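Beneath this line is the structure, given in structure tokens, with notes to follow.
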Amino acid sequence: MSLIENIIRPEIRALSAYHVPDSGGFVKLDAMENPYTLPPELRNELAQRLAQVAMNRYPVPSYTELKAAICANLGVPDGFGVVLGNGSDELIAMLSVACAKPGAKALAPLPGFVMYAMSARLAGMEFVGVPLKADFALDLPAMLEAIKQHRPAITYLAYPNNPTGNLYDAEQVVEIIRAVGDSGVVVVDEAYQPFAQASFMPRLPEFANLIVMRTVSKLGLAGIRLGYMAASAALLAEFDKVRPPYNVNVLTQAAAEFVLQHTRILDEQAAALREQREAMRATLAALPEVQVFPSAANFLLLRVQSKTKSADDVFANLLERKVLIKNVGKMHALLENCLRVTVSTPQENALFIDSLQAALLS
Ligand SMILES: *Cc1c(COP(=O)(O)O)cnc(C)c1O
């Protein structure tokens, strides 16, 4: 056996690394980033704040002030707290590690966010995927049956879902939370909450097994890497044991505390993007060669239904035009010929639509 075979777990060897394409020189519409920055005067003020940060010191690992600011400004109900992560990707990893008893399973609808399955497998958990319906709604009977059969320790529901963009029926989400009961937690992942304006956060007190997870990534701060999850104190105390003590760095902490004093700007940016999303959807809906799906997020899912061009052709042609979106057609059978595009500024959206039309004609 080789060194690699001697030391690396077979399930890790079988994985391929999460691939992030090099986007230098591209109009970048592949990762649901917010195209807007902070206004110059706030950037200057932030620079002053960051200059004061004691980078020679470790963070204070309780993160008391940042957590209090999140709870106060982002709608965490009284009596509930948060655990912070280096992006919600780290929170997902922490959940997996904490729950990975021998034989424990994680469950999520598919197509869904790939990190749920990836993280579960890295932690040694089995992952169970339950297909959505063709319109990307939850297949509730299939979900309830899978929950009964597998008794998942973690059930993930992205609300709204990535890469489909739709918001699941809230009553069905509640049925799932109840069906899981005290045999598992249900993670409602609200990465796109500012664009959905729907949330389970206020409903935390109703369900002992509910975790509401969010990130600042899609609302304009992807680069600082900060996620948070809110749940009962009893659950959070356990997950906090898995958290590396200094997982949020002092610059992120200072930047987040600063931005949380100016949430109005982020709210305005999210409102502008919601408006752009609807404008872009209407334009795309008028193109005969594409089907565009409803979205409660800051991206749109399209299906190429041209007689001469596949989604792969269109994606490749857009790359030649220096427009980077995400080709999700191979992710799942339900996504055949589908592409996902981030909603951006009016200029970039117009450029995308022009490029898409040109690609369809080429
Ligand atoms: C982008 C995304 C995340 C990851 O967020 P980070 O905080 O950047 O790690 C989590 N969940 C869903 C559904 C996402 O689309």
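First listed ligand is number 1; within each ligand, the first listed atom is number 1. As the structure is a prediction and not an experimental result, all values here were calculated from the model.
- Side chains of Ser344 and Thr342: no donor on one and acceptor on the other come within 3.5 Å.
- Every heavy atom of Met32 sits 4.0 Å or more from the atoms of ligand 1.
- Summary of contacts: the protein heavy atom closest to atom 9 (O) of ligand 1 is Arg225 NH2, 2.8 Å.
- Close contacts of ligand 1 with Asp89, meaning ligand atoms under 4.0 Å from a residue heavy atom, involve 4 (C), 9 (O).
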* Take Arg264 and Glu268 through the test salt bridge (Lys or Arg N to Asp or Glu O under 4.0 Å) and record every step on the way to the result. => CA-CA 6 Å; Arg264 195 174 55 83; Glu268 286 167 5; 2.6 Å; yes
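- The residue among Lys218, Met213, Glu33, Arg214 with a heavy atom at the shortest distance from atom 1 (C) of ligand 1 is Lys218.
- Listed by number with element, the atoms of ligand 1 under 4.0 angstrom from any heavy atom of Ser217 are 6 (P), 7 (O), 8 (O).
- Ser88 OG, 3.1 Å is the protein heavy atom nearest to atom 5 (O) of ligand 1.
- Heavy-atom contacts of Tyr192 reach the following atoms of ligand 1: 1 (C), 14 (C), 15 (O) (cutoff under 4.0 Å).
- Test Gln172, Glu171, Glu145 against Leu140 for side-chain contact (heavy atoms from CB on, under 4.5 Å) and you get one pass: Gln172.
- The contact set between ligand 1 and Gly87, taken as ligand atoms under 4.0 Å from a residue heavy atom, comprises 7 (O), 9 (O).
- No hydrogens or angles considered: a donor-acceptor pair under 3.5 Å links the side chains of Thr164 and Asn166.
- Scanning all protein heavy atoms for the shortest distance to atom 13 (C) of ligand 1 gives Asp189 OD2, 3.4 Å.
- Side-chain atoms of Glu190 and Ser199 include a donor-acceptor pair closer than 3.5 Å.
- Remark: Ile211 CD1 to Phe239 CZ distance equals 4.0 Å, nearest 0.5 Å.
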